[in-house]
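Report on one structure; see the data block that follows.
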There are 2 protein chains.
Amino acid sequence: MTTEPSRRRRPPRLRDVADLAGVSMKTVSNVVHGHPHVRPETRRRVQAAIDETGYRPQLAAQHLRTGSSGIVTLAVPSLTFGYFSDIAQHFIDRARELDRTVLLHTTSDGREQELEVFTGFKRRLGDGVIFNPLLIEEEIFSRYEEFPQPTVLIGEHVPDGALPRNADYVRIDNVRASADATSHLLATGRRRLAFVGALPPGPAPHPHGSAALRMTGFGQALDRHGIDPGTAPAPEVANWHRTDGRRAAHLLCAEHPEVDGIVCGNDELALGVLAGLRDRGRRVPQEVAVVGYDDSPDAPFAYPSLSSISPDKTFIARLALDMLAERIGGYEGPPRMVTAPHQLIVRDSTAAAD
Amino acid sequence: MTTEPSRRRRPPRLRDVADLAGVSMKTVSNVVHGHPHVRPETRRRVQAAIDETGYRPQLAAQHLRTGSSGIVTLAVPSLTFGYFSDIAQHFIDRARELDRTVLLHTTSDGREQELEVFTGFKRRLGDGVIFNPLLIEEEIFSRYEEFPQPTVLIGEHVPDGALPRNADYVRIDNVRASADATSHLLATGRRRLAFVGALPPGPAPHPHGSAALRMTGFGQALDRHGIDPGTAPAPEVANWHRTDGRRAAHLLCAEHPEVDGIVCGNDELALGVLAGLRDRGRRVPQEVAVVGYDDSPDAPFAYPSLSSISPDKTFIARLALDMLAERIGGYEGPPRMVTAPHQLIVRDSTAAAD
DNA sequence: CGGCCGGGTTCCAACGTTGTACTCAACCCA
DNA sequence: TGGGTTGAGTACAACGTTGGAACCCGGCCG
């Protein structure tokens with residue numbers, strides 16, 4: 001509103017506004033916060049002074065005084081995965097509705113970064129945290145019965161022990177979802193299935209805990225149809241990016257040309273697989289069907305459009321943030337565990353072979 | 001490191017650590033900050049006390065005392081665009097290297113949100129801001145000669161007036177880049193070009209200021225080749241998402257079947273256009289060539305792989321953040337304006353027609 | 001007409017941290 | 001031996017805000 005840029009070096013404080021309006025600091029504070037017991041006339045005068053000085057409260061001081069900042073930390077592995085950037089946007093939107101601000105971190109660099117997020121960093125900041133522990137889940141469950149800050153975990157296991165008293169858990173049933181995807185391929189008549197997404201075993205667990213679970217689901221579904229999971233090819237991939245999928249597809253074409261259906265660990269891999277099959281002249285879905293996981297925004301625009309497991313991102317973001325907000329707001333009840341719904345979106349890549 | 005969860009309601013303060021170690025608060029502070037003049041023995045004792053209590057400094061207090069928080073605000077239109085989530089990740093990475101934290105905002109909801117980011121929100125927070133004003137650029141340039149906080153703008157115009165004294169500008173030469181893309185199509189022999197990305201005129205300017213500029217570049221290139229830009233079809237799109245591109249492609253096929261090259265406002269549109277052409281049985285690149293803009297991570301995996309203008313995101317993120325860090329660190333020099341480099345990545349979608 | 005009530009406001013302290021000024025001891029060279 | 005320097009540590013105030021106690025004043029009831 002002010003047209004004249006402040007010439008002062010330091011931004012205006014409550015004090016400055018108070019002096020200008022001829023009232024006490026507290027009265028200004030009351031006006032700022034819409035406290036009811038202020039005479040209209042006073043309110044008007046104070047508001048004018050606020051406008052004139054361009055005053056805005058300083059969060060640091062409020063935070064120090066009141067003990068809460070309105071900031072929530074969100075940590076995802078990496079925004080370069082469409083799934084995570086998508087879900088991050090959902091979180092940001094919901095946070096705005098709740099009048100909170102999102103501090104975004106990415107943890108793809110591993111254990112250290114996860115621990116950092118979990119413990120609240122070198123510095124204490126933000127009122128709580130939402131994140132998906134990929135590497136440190138075991139560790140933190142066994143170590144704490146109360147987490148260092150209000151926490152909502154997004155995870156894939158049913159945790160073994162009890163949840164810490166100040167945490168909630170949004171669970172995504174990877175095993176079941178992946179089995180659904182696999183059953184779908186079986187239902188369309190494919191029998192020689194492969195799984196793309198297995199990770200090389202290593203001393204350090206890999207940043208994609210989902211890999212094992214999704215593969216388990218794949219195996220379970222085969223089992224249920226009387227197929228020995230041990231016979232299904234599952235080429236190892238170094239990571240879960242498109243390139244890895246493409247490479248895996250090339251490999252499958254060379255070593256297992258009989259494969260007629262591919263279940264992928266995520267959509268990125270699946271898109272890479274589609275490209276790889278194209279490179280080798282294999283037709284999808286006529287010769288090979290492909291199903292992904294995440295329902296990333298690319299899926300409907302792939303060629304052919306990609307069938308995929310679609311976790312309900314809006315649900316996840318909304319629920320996680322709401323539960324965290326309740327914790328921050330003082331909710332002291334028992335830890336909650338909710339399983340997020342998912343559905344299989346069928347598109348062209350798994351149409352019945354003709 | 002501590003195995004026993006803190007039972008105290010309030011987190012440990014400097015004071016608690018100091019008492020436990022039998023030194024003054026300031027000495028603890030010195031240890032925390034690696035101040036040199038502390039006896040090794042004392043340092044050890046203090047460190048032990050820190051470990052035992054699980055102390056972490058509280059950012060709010062540090063911020064209040066020192067006037068800086070180590071947080072920078074980054075605002076992008078929306079993470080659902082691959083380009084922006086990609087660039088956001090670059091920012092986050094660079095910020096970590098500089099030991100800063102990113103507060104992420106999205107401004108796709110328009111003017112209000114942009115103003116909010118620009119002025120520093122309802123609350124003053126963060127040491128500075130990086131963002132791309134789409135709607136309010138004019139407004140803020142005419143209004144301020146000094147911005148309310150250290151600011152780095154990412155933009156597309158050469159601003160008319162002088163830059164405010166405490167801002168820097170990273171410029172992306174949309175006109176030139178778009179002309180490059182267009183010239184490329186012309187060089188491969190296409191003559192009946194169309195532009196997909198024009199926005200409906202409206203009283204309120206639209207969230208994609210780039211639209212006009214990229215279209216201008218398109219026109220300039222045509223002009224240089226002796227083609228009247230007025231004759232080139234440019235169907236309007238409601239937004240810059242894939243769906244809009246698909247719809248535009250359908251329209252072009254129906255009304256301008258002679259078109260043999262399409263320049264798109266961004267990759268999302270281009271991917272939609274590829275899908276739309278596929279829907280109508282038009283072959284790319286044999287019958288129609290398509291070029292995008294942004295070099296989103298999808299481009300190389302599209303079918304056919306998509307040629308695209310690739311702005312140097314690493315350069316942009318690094319430079320913008322470094323300049324902001326300098327400003328925050330006290331740099332008082334004149335405003336700087338840097339043009340970010342771009343290149344055209346040629347892939348299958350613009351291979352010469354055979 | 002005095003005491004009470006409560007709306008409107010002021011005053012004060014405290015949140016946790018760090019910069020400045022200060023103290024005290026040990027050490028060094030003239 | 002003494003003045004000055006350096007190293008190690010302490011005490012205190014201040015950053016901007018808000019909750020609570022205290023205060024003032026006009027109106028109402030007894």
Side-chain angles (χ1 to χ4, degrees), chain A residues 6 8-47 49-50 53-71 120-127, chain B residues 8-47 49-50 53-71 120-127 330:
Chain A
S6 159
R8 253 200 305 297
R9 263 283 148 258
R10 273 194 324 166
R13 304 162 295 167
L14 215 38
R15 185 55 185 271
D16 302 323
V17 180
D19 289 352
L20 185 59
V23 297
S24 78
M25 288 163 48
K26 189 63 211 301
T27 300
V28 179
S29 171
N30 285 339
V31 170
V32 170
H33 288 80
H35 180 89
H37 299 307
V38 180
R39 235 178 317 164
E41 154 62 11
T42 313
R43 186 185 300 279
R44 216 191 34 70
R45 236 175 45 242
V46 170
Q47 190 56 55
I50 290 178
T53 54
Y55 168 79
R56 335 224 133 203
Q58 173 159 331
L59 181 65
Q62 291 181 317
H63 182 12
L64 183 58
R65 180 66 237 252
T66 64
S68 108
S69 64
I71 292 178
F121 303 90
K122 274 161 282 183
R123 321 209 175 102
R124 214 168 265 279
L125 163 65
D127 302 332
Chain B
R8 252 200 307 297
R9 264 284 147 256
R10 274 194 324 165
R13 305 160 294 166
L14 260 188
R15 185 55 185 270
D16 302 324
V17 179
D19 289 352
L20 186 59
V23 296
S24 77
M25 286 162 49
K26 190 63 212 301
T27 299
V28 178
S29 171
N30 285 338
V31 169
V32 170
H33 287 79
H35 180 90
H37 298 307
V38 179
R39 238 180 314 166
E41 153 62 11
T42 313
R43 185 183 301 277
R44 217 191 33 70
R45 234 175 46 242
V46 170
Q47 190 56 56
I50 291 178
T53 54
Y55 168 78
R56 334 225 134 205
Q58 173 158 331
L59 181 66
Q62 291 182 318
H63 182 11
L64 182 58
R65 180 65 238 252
T66 63
S68 108
S69 63
I71 292 179
F121 302 91
K122 272 161 283 182
R123 320 206 174 106
R124 211 167 266 279
L125 162 65
D127 302 332

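Chain naming here is simple, since letters A, B, ... match the order of the sequence lines and numbering starts at 1 in each. All heavy atoms count here, side chains included; hydrogens, waters and symmetry mates do not.
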Between [X] and [N], does any side-chain N or O lie under 4.0 Å from OP1 or OP2?
| X | N | result |
| --- | --- | --- |
| B:Gln62 | C:dT18 | yes |
| A:His33 | D:dT18 | yes |
| A:Arg13 | D:dG16 | yes |
| A:Thr42 | C:dG8 | no |
| B:Arg39 | D:dG9 | yes |

[X] side chain: which of [options] is closest?
| X | options | result |
| --- | --- | --- |
| A:Ser29 | D:dT17, D:dT18, C:dG8 | D:dT18 |
| A:Leu14 | C:dT18, C:dG7, D:dT18 | D:dT18 |
| B:Gln58 | C:dC15, C:dT17, D:dG7 | C:dT17 |
| B:Val38 | C:dG16, C:dT10, D:dG9 | D:dG9 |
| A:Val23 | D:dT18, C:dT10, C:dG7 | C:dT10 |

- Looking across every strand, which nucleic acid part, if any, lies under 4.0 Å from B:His63 by heavy atom: base, sugar-phosphate, or nothing?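 No contact at all - B:His63 keeps every heavy atom at 4.0 Å or more from the nucleic acid.
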Length of the [atom1]-[atom2] vector between [X] and [N], whole Å:
| X | N | atom1 | atom2 | value |
| --- | --- | --- | --- | --- |
| A:Leu64 | C:dA13 | CG | P | 17 Å |
| A:His37 | C:dT10 | NE2 | P | 16 Å |
| A:Asn30 | D:dG16 | CG | P | 20 Å |
| B:Met25 | C:dG16 | CE | C1' | 7 Å |
| A:Leu59 | C:dC15 | CG | C1' | 14 Å |

- Answer yes or no: is there a donor N or O on one side and an acceptor on the other, between the side chain of A:His33 and the main chain of A:Ser29, under 3.5 Å?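 Yes, A:His33 side chain to A:Ser29 backbone: donor-acceptor pair under 3.5 Å.
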- Query: Is A:Leu20 close to A:Asp16 at the side-chain level, that is, under 4.5 Å between some pair of heavy atoms?
  - Reply: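 Result no, sub-4.5 Å side-chain heavy-atom pair not found.
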- Message: Between B:Val31 and B:Val17, is there a side-chain heavy-atom distance shorter than 4.5 Å?
- Response: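 The answer is no, as the side chains (C-beta and beyond) never meet within the 4.5 Å cut-off.
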- Hey, which of these two, A:Lys26 or A:Pro36, hits DNA chain C nearer its 5' end, going by closest nucleotide?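 Its nucleotide being nearer the 5' end, the pick is A:Pro36.
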- Let me know, please, whether B:Arg65 or A:Thr66 comes out on the 5' side of the other along DNA chain D by nearest nucleotide.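 First, find each residue's nearest nucleotide; the 5'-ward one identifies B:Arg65.
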- Item | Over all atoms of both residues, closest heavy-atom pair of A:Ala60 and B:His63 |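 Shortest heavy-atom contact: CB-CD2, 3.2 Å.
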- Item | Residues forming a ring-ring contact (aromatic ring centres under 6.0 Å, His included) with B:His37, sequence neighbours excluded |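 In terms of ring-ring contact (aromatic ring centres under 6.0 Å, His included), with neighbours along the sequence ignored, B:His37 is linked to B:His35.
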